[in-house]
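In what follows, residues are counted from 1 in the order of the sequence shown.
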Amino acid sequence: MNETPNLAPSAAQAAQEVRTTISRLRRRILRAAEAADITLGQASVLTRLSDSPGATASELAAAEGVRHQSMTSTIASLAELGLVTRAPDPADGRRVRLSVTPEGRRRVDEGRQLRGEWLTSRLQDRCTEHERQLVLEAMAVLQRLTVD
């Protein structure tokens, strides 16, 4: 690992804390809407596909950071549950385009609502008004990190 000189120790500590906390928070938010019949990975693919209708298995695999074979298996499971449909690409019959079914869309929307409600409730029940304002200020700082 390359060490970069002149980095403030507080920057390294803050980076570690942000990564750890966001990772834990993400997992907990996802669990808030966990469905008994699909895995978190399947739910992630379903959500991604609802935001990118007509994607291919290869495109989804790249976006999710998994092998094509794993994505094919995930898609097959979602199709078996009636959450995803496959259709030939009109421009290239060798390619298969994927879409979320109405039931799949309902599940995505329901999951988003449950995750939002869980986080809102946690912020309401476990934080003071002052702490919620601090969270908003911290989010503005973190947002600046995402802008190039």
Side-chain angles (χ1 to χ4, degrees), residues 1-87 96-148:
M1 184 167 129
N2 293 338
E3 291 194 29
T4 306
N6 302 323
L7 288 180
S10 62
Q13 181 182 1
Q16 179 61 42
E17 292 292 328
V18 167
R19 285 193 325 266
T20 300
T21 301
I22 288 175
S23 179
R24 285 181 186 153
L25 183 60
R26 182 180 183 279
R27 284 192 304 271
R28 186 56 191 94
I29 289 171
L30 288 172
R31 279 198 319 263
E34 195 170 22
D37 61 338
I38 64 173
T39 67
L40 288 178
Q42 290 168 335
S44 178
V45 169
L46 190 62
T47 299
R48 188 175 298 279
L49 185 56
S50 75
D51 294 337
S52 301
T56 65
S58 295
E59 292 165 347
L60 290 171
E64 291 285 315
V66 300
R67 292 177 306 139
H68 184 271
Q69 295 85 349
S70 297
M71 183 55 63
T72 301
S73 175
T74 298
I75 292 165
S77 297
L78 292 170
E80 191 173 301
L81 291 169
L83 304 176
V84 170
T85 59
R86 300 177 185 110
V96 174
R97 296 286 176 181
L98 304 161
S99 298
V100 175
T101 65
E103 175 61 14
R105 167 57 63 193
R106 186 192 68 73
R107 298 275 292 268
V108 168
D109 292 345
E110 181 180 274
R112 285 181 174 149
Q113 181 177 344
L114 289 171
R115 290 187 299 274
E117 288 172 357
W118 178 86
L119 186 54
T120 300
S121 176
R122 286 294 242 236
L123 288 165
Q124 176 70 36
D125 297 344
R126 296 191 176 196
C127 298
T128 65
E129 180 61 31
H130 176 71
E131 289 170 327
R132 290 190 293 270
Q133 292 304 316
L134 287 174
V135 168
L136 291 171
E137 290 172 22
M139 292 301 100
V141 171
L142 293 174
Q143 177 64 31
R144 282 199 332 248
L145 301 178
T146 66
V147 178
D148 291 331

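Checking side-chain atoms of Glu131 against main-chain N and O of Thr128 turns up a donor-acceptor pair under 3.5 Å.
Considering all non-hydrogen atoms of both residues, Gly111 and Ala33 come closest at O-CB, 3.5 Å. For the residue pair Gly54 and Ser99, the shortest heavy atom distance occurs at N-OG, 4.3 Å. Closest of all the heavy-atom pairs between Glu103 and Gly82 is CB-O, 4.2 Å.
Every residue meeting the side chain to side chain donor-acceptor pair (under 3.5 Å) condition with Thr20, not counting sequence neighbours, appears here in chain and number order: Gln16. In this view, Leu60 and Val45, Arg48, Leu49, Ala55, Met71, Ile75, Leu98 satisfy the side chain to side chain contact (heavy atoms under 4.5 Å, CB included) rule, not counting sequence neighbours.
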(request) Mind running salt bridge (Lys or Arg N to Asp or Glu O under 4.0 Å) on Asp51 and Arg112 for me, showing each step along the way? (result) CA-CA 12 Å; Asp51 294 337; Arg112 285 181 174 149; 2.8 Å; yes

(message) Walk me through whether His68 and Thr56 qualify under side chain to side chain contact (heavy atoms under 4.5 Å, CB included).
(response) CA-CA 10 Å; His68 184 271; Thr56 65; over 6 Å; no

(request) Begin from the C-alpha positions of Arg144 and Val147 and carry the test side chain to side chain contact (heavy atoms under 4.5 Å, CB included) through to its verdict. (result) CA-CA 5 Å; Arg144 282 199 332 248; Val147 178; 5.9 Å; no

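In summary, the side chains of Gln113 and Glu117 do present a donor paired with an acceptor at a separation below 3.5 Å, with no hydrogens or angles considered. A donor and an acceptor atom, one from each side chain of Gln69 and Thr72, are nowhere located under 3.5 Å apart. No donor-acceptor contact under 3.5 angstrom links the side chains of Glu59 and Ser52, judged on distance only. For the 3.5 Å distance criterion, the side chains of Gln133 and Glu137 fail to qualify, holding no donor opposite an acceptor. Checked by atom type, the side-chain pair Arg19/Ser23 shows no donor-acceptor distance below 3.5 Å.
Here Ser73 contributes atom OG and Gln42 contributes atom CD; the two are 8.0 Å apart, rounded to the nearest 0.5 Å. Taking OG of Ser44 as the start and CD1 of Ile38 as the end, the distance is 10.0 Å to the nearest 0.5 Å. Note that OG of Ser50 and CG of Asp109 are 7.5 Å apart. Values are rounded to the nearest 0.5 Å. Taken from CZ in Arg132 to CD in Gln124, the straight-line distance is 4.5 Å, to the nearest 0.5 Å. Taking CG of Leu114 as the reference point, atom CG of Leu119 lies at 13.0 Å (rounded to 0.5 Å). Arg31 contributes atom CZ, which lies 8.0 Å from atom CH2 of Trp118 (distance to the nearest 0.5 angstrom).
Screening Leu81, Leu83, Thr74 against Leu46 for a side-chain contact (heavy atoms from CB on, under 4.5 Å) leaves a single residue, Leu83.
When the shell of 6.0 Å around CD of Gln13 is examined, it contains 12 or fewer heavy atoms from other residues, nucleotides or ligands.
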